[in-house]
Participant: 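Encoded as structure tokens, here's the structure I'll be asking about.
FYI, side chains are in, hydrogens and waters are out, and symmetry mates aren't considered; it's all heavy atoms of this structure. Position 1 is the first residue of the sequence, and the numbers go up from there.
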Amino acid sequence: MSSLHLRTVSSLGRVHETEEDRALHHRQLEVFNAVMVSGSASRAAELLQVTQPAVSRAIADLEEALSFPLFNRIRGRLVPTPEGQLFYADVRTSFVGLDRLRMSAARIRDFGAGSIRIASLAAYGNTLVPRAIRTFRDKHPEIAITFQIASSAQVRELVVNGNFSLGLAADEVDLSGVEHRVFSTGRASCVMPPGHPLATKAVIRPADLDGVPFVALAPEDRARARMNAVLDAAGARPNVVVETPFAATVCALALAGVGVGLTQAVTAEGFLERGLEIRPFEPEVYFKTYLLFPPDTQRSILVKDLVAALLAARDRGTADNPARHRSRAASGDKGGSQRPATSTRTR
């Protein structure tokens, strides 16, 4: 903004200030911010690489434009007034915004096309999404990626507010006000500690779980509601000893010997190597997961490529379902002449 001041002269020869006279100049705000941050005019001058009189003049001009004092001059020191403190709160916020713009510009300069942000429920956050990110980076090594694991409700909020480019959430999430599509429908498997009596079975059925210590998903989880309907229909009453909203925690508790649980096979990745047993569960119960996108927003090429990487990782996981291999081992099928009882499927 120009520092040129325009004045009008009345018939009596008095000079009147115009709005241009009282306009705030960015340099004045920059000087004021430097004084507040450094604590003195001399240190502010050093930060800005100007003279101390230039700092004092800029503060005086700013006070004149504001029509209230920003500092009291006490024994040569600048002490902020209450009005100055209040004004600084807004100035500081504006400079934080400018810093974010500088960071964004630097990121675009350094990474070319910019960045992408993805949030995921824990069931996929520790397994499928990292694989997809690796595939995405092979194609876009210059892109900065932000990845956050959260509850499905939190994932939705991050996406709806526009803070994240896309998200993965379970089907209990509120889908109103958000663009969405089905990502996967994964079949439930039964997980249990090594050496558990049920590990001798090729397939786990509701009657097998009657009275057995059981690690259940949270009551609001729709997959749990579907499981409960199947168990109730068979008259089976597992002994629920722990409830948790996270499928990965079901696997961790099962591995620790707390009880058995029902979860997706993909969630068991990383636990199988430590001894966790997994078997197909019948009748079929499914976990449904959605891809979420910000409302009324066109999807960038980066978002489309990350979605493609997620779908590829999903399909690879379907082909390499650990429950299939464990069920074959338990039934003595080595060569595949017997069709596997179940497999995780997606659509």
Participant: So do L78 and R73 actually touch side chain to side chain, heavy atoms under 4.5 Å?
Facilitator: yes

Participant: Any carboxylate oxygen within less than 4.0 angstrom of a Lys/Arg side-chain nitrogen, looking at E46 and R43?
Facilitator: no

Participant: If you count the non-hydrogen atoms of other residues, nucleotides and ligands that lie under 6.0 Å from CD1 in I301, is the total more than 12?
Facilitator: no

Participant: Whether the T267 and Q264 side chains hold a donor-acceptor pair (N or O, under 3.5 Å, no angle test) is what I'd like checked.
Facilitator: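 No - no donor-acceptor pair under 3.5 Å links their side chains.
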
Participant: Check the pair V307 / L291 against side-chain contact (heavy atoms from CB on, under 4.5 Å), numbers first and verdict last.
Facilitator: CA-CA 9 Å; V307 169; L291 268 172; 3.9 Å; yes

Participant: Taking the side chain as C-beta and beyond, is there a heavy-atom pair between V260 and I204 under 4.5 Å?
Facilitator: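 No. Closest side-chain heavy atoms not under 4.5 Å.
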
Participant: Kindly give the heavy-atom pair with the smallest separation between A265 and I278, and that separation in Å.
Facilitator: CA-CD1, 3.8 Å

Participant: State whether the number of non-hydrogen atoms from other residues, nucleotides or ligands found under 6.0 Å of R237 atom CZ is greater than 12.
Facilitator: yes

Participant: Check whether any side-chain heavy atom of H180 lies under 4.5 Å from a side-chain heavy atom of D171, and answer yes or no.
Facilitator: no

Participant: Around D296, counting heavy atoms of other residues, nucleotides and ligands shown, do more than 12 lie under 6.0 Å from its CG?
Facilitator: no

Participant: With a 4.5 Å heavy-atom cut-off, do C190 and L209 have their side chains touching?
Facilitator: yes

Participant: Within the structure provided, determine whether L128 and L310 are in side-chain contact (heavy-atom separation under 4.5 Å).
Facilitator: yes

Participant: Can you tell whether the side chains of R57 and D61 come within less than 4.0 Å, N to carboxylate O?
Facilitator: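 No.
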
Participant: Check whether NZ of the Lys or CZ of the Arg R314 lies under 6.0 Å from the centre of the six-membered ring of F183 and within 45 degrees of that ring's axis.
Facilitator: yes

Participant: Can you find a pair of side-chain heavy atoms, one from S189 and one from F281, that are under 4.5 Å apart?
Facilitator: no

Participant: Does the pair R187/E284 count as a salt bridge with the N-to-O cut at 4.0 Å?
Facilitator: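 Salt bridge between R187 and E284, a charged N being under 4.0 Å from a carboxylate O: yes.
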
Participant: Against V191, only a single residue in L255, T263, L272, L253 fulfils side chain to side chain contact (heavy atoms under 4.5 Å, CB included); can you say which?
Facilitator: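 With V191 as partner, side chain to side chain contact (heavy atoms under 4.5 Å, CB included) holds for just one option, T263.
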
Participant: Evaluate the side-chain proximity of L175 to L292: yes if any heavy-atom separation is below 4.5 Å, no if none is.
Facilitator: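 In contact.
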
Participant: State the CG-CG distance between L158 and L166, to the nearest 0.5 angstrom.
Facilitator: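 Here the interatomic distance stands at 11.5 Å.
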
Participant: Give a yes or no on whether a salt bridge exists between R316 and E269, defined as a side-chain N under 4.0 angstrom from a carboxylate O.
Facilitator: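 E269 and R316: not salt-bridged.
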
Participant: Answer yes or no: is there an ion pair linking D208 with R279, defined by an N-O contact shorter than 4.0 Å?
Facilitator: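 Between R279 and D208 there is no salt bridge, as every charged N stays at least 4.0 Å from the carboxylate O atoms.
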
Participant: I'd like to check L262 versus V285 (side-chain heavy atoms, cut-off strictly below 4.5 Å). Are they in contact?
Facilitator: no

Participant: Is the backbone N or O of L48 less than 3.5 Å from a side-chain atom of E30, with the two atoms forming a donor-acceptor pair by type?
Facilitator: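 Between the backbone of L48 and the side chain of E30 there is no qualifying donor-acceptor contact (under 3.5 Å).
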
